[in-house]
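Everything below concerns the one structure shown next.
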There are 2 protein chains.
Amino acid sequence: MTALVAPAEPEISARQAEVLDAVLRQLVTDGNSLTMSAVARRASCSKETLYKWFGDRDGLLNATVKYQAARVHVAAVGPDPLDRSALTARLESFAINWLTVISSETSLALNRVAIGQAGADKSLGAIVLANGRFALGSRMKPVLEAGRKAELLAFEDAEEAFRTLFGLVARDVQIRLLLGDSPSLDPESIRAEASRAIGQFFALYGAQPGGGKAAP
Amino acid sequence: MTALVAPAEPEISARQAEVLDAVLRQLVTDGNSLTMSAVARRASCSKETLYKWFGDRDGLLNATVKYQAARVHVAAVGPDPLDRSALTARLESFAINWLTVISSETSLALNRVAIGQAGADKSLGAIVLANGRFALGSRMKPVLEAGRKAELLAFEDAEEAFRTLFGLVARDVQIRLLLGDSPSLDPESIRAEASRAIGQFFALYGAQPGGGKAAP
DNA sequence: GCCGAACCGTAACGTTCGTTACGGTGCGTT
DNA sequence: AACGCACCGTAACGAACGTTACGGTTCGGC
């Protein structure tokens with residue numbers, strides 16, 4: 001449904017990247033009340049330049065979301081040794097990365113503005129979704145299928161298995177963070193959360209020695 | 001005439017409830033761009049009345065959130081027969097109710113405005129959280145603990161078990177809906193989703209005949 | 001019938017903010 | 001040196017909107 005193609009997107013200069021970084025900082029500190037004047041002030045540029053480069057306020061937001069999405073790309077999947085411990089390590093690494101991203105102030109601020117606009121203009125939400133949830137799924141599914149091929153996992157639909165993994169990892173953390181709650185998420189507890197989630201995922205989808213499925 | 005429950009909260013008259021319903025409809029149709037004029041027009045009342053009753057725009061939003069939260073209260077937990085099938089039925093009923101609520105346009109609109117304001121003013125987010133996620137937890141934990149007492153479930157921390165249940169039920173649905181994606185959520189698939197989630201929950205936390213724990 | 005309270009509809013005020021326009025500055029090119 | 005270009009800083013315009021004020025209407029109580 002969502003293919004990741006090499007972006008023929010507008011090339012961004014170094015100066016423009018600085019401006020988009022300023023937008024991100026502004027979003028983090030001042031929330032959704034993002035004014036063009038505040039961005040210009042923080043980026044030490046003129047509003048005229050903002051409008052010349054990004055068209056209007058919406059274009060600036062879109063460019064910022066795409067810019068941040070491009071930065072978040074974690075290391076792609078390498079070749080697959082694929083024994084049980086390697087698979088566990090890779091799954092846990094994904095879980096740790098995901099939890100770290102969704103608890104970062106930058107990601108939270110972007111998700112908040114995208115969700116705030118999701119009623120009227122769905123474009124921001126679609127971009128966030130494509131580069132967050134769906135990009136993660138695209139990267140995870142080959143891993144899951146490799147695990148199945150190695151008879152370490154058992155499932156019928158990789159998408160379904162990934163969605164369950166998603167739920168086990170995120171639980172109520174994302175919605176609580178988005179709503180302003182702050183459950184403790186230091187790197188220590190993130191690692192513990194990831195380990196628990198992967199353990200539970202194996203309990204549900206780990207291949208039985210007999211070859212049966214663990215859950216309906 | 002007579003209040004169903006007596007909230008120490010500001011009493012709302014029938015007419016005021018009509019106004020708050022108008023706010024909800026307005027939020028659903030026009031998204032976050034909620035203007036006082038639009039509310040007054042839709043509720044067939046004057047702006048002066050809005051300000052007299054609710055103070056300011058923020059007061060109106062707070063009253064709306066509380067109003068909707070009060071309506072959502074599902075039936076409280078009754079006495080506990082508590083065999084395996086009764087526990088399953090109760091858990092599935094909670095899951096169905098939760099999925100139905102979070103996929104309703106009303107809940108989505110309220111969550112969107114609360115999240116949109118979570119950067120600056122956390123009060124709306126706190127209210128939504130208290131009446132959504134945390135109210136659900138309060139109602140679920142006694143059920144879970146009764147299940148443990150009946151030796152149908154095995155866990156150490158009810159809060160942890162509930163959070164996992166939350167993740168198994170919601171998975172990626174809530175964030176996708178908030179961001180404007182629309183995965184199919186007819187009552188049929190909601191029931192199927194709930195059944196799957198509860199099955200997986202039992203696979204993780206169901207008491208073993210031997211009395212051990214299923215997952216770390 | 002009369003009075004006051006509550007409420008409706010609308011006009012008006014002031015602020016914020018997106019957007020545009022204008023003058024000034026540093027810099028590379030000829 | 002002169003020119004053009006890209007950019008900065010700021011002022012100004014206009015629309016949207018929160019908030020307030022005012023005149024007209026309905027309705028219950030005396």
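All heavy atoms count here, side chains included; hydrogens, waters and symmetry mates do not. The chains referred to below are lettered A, B, ... by the order of the sequence lines, with proteins before strands, and numbering in each begins at 1. Since the model is a prediction, treat every value here as computed from it, not as a measurement.
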Grab the [atom1]-[atom2] distance between [X] and [N] for me, whole Å please.
X	N	atom1	atom2	result
B:Asp30	D:dA16	CG	P	14 Å
B:Lys52	C:dC8	NZ	P	10 Å
A:Leu61	C:dG18	CG	P	10 Å
A:Gln26	C:dC17	CD	C1'	14 Å
B:Lys47	D:dC22	NZ	P	16 Å
B:Asp56	D:dC17	CG	C1'	14 Å
B:Tyr51	C:dA11	OH	P	17 Å

Would you mind checking if A:Glu159 and A:Arg133 are paired as a salt bridge, meaning a charged N to carboxylate O distance below 4.0 Å?
yes
What nucleotide among C:dC7, C:dC17, D:dC17 has an atom nearest to a side-chain atom of A:Thr35?
C:dC17
Considering only D:dA21, C:dG18, D:dT19, which nucleotide approaches the side chain of A:Arg57 most closely?
C:dG18
Please determine whether a side-chain nitrogen or oxygen atom of A:Arg15 lies at a distance below 4.0 Å from atom OP1 or OP2 of D:dC8.
yes
Please tell me which of B:Glu48 and B:Asp58 maps to the more 5' nucleotide of DNA chain D, matching each residue to the nucleotide holding its nearest heavy atom.
B:Asp58
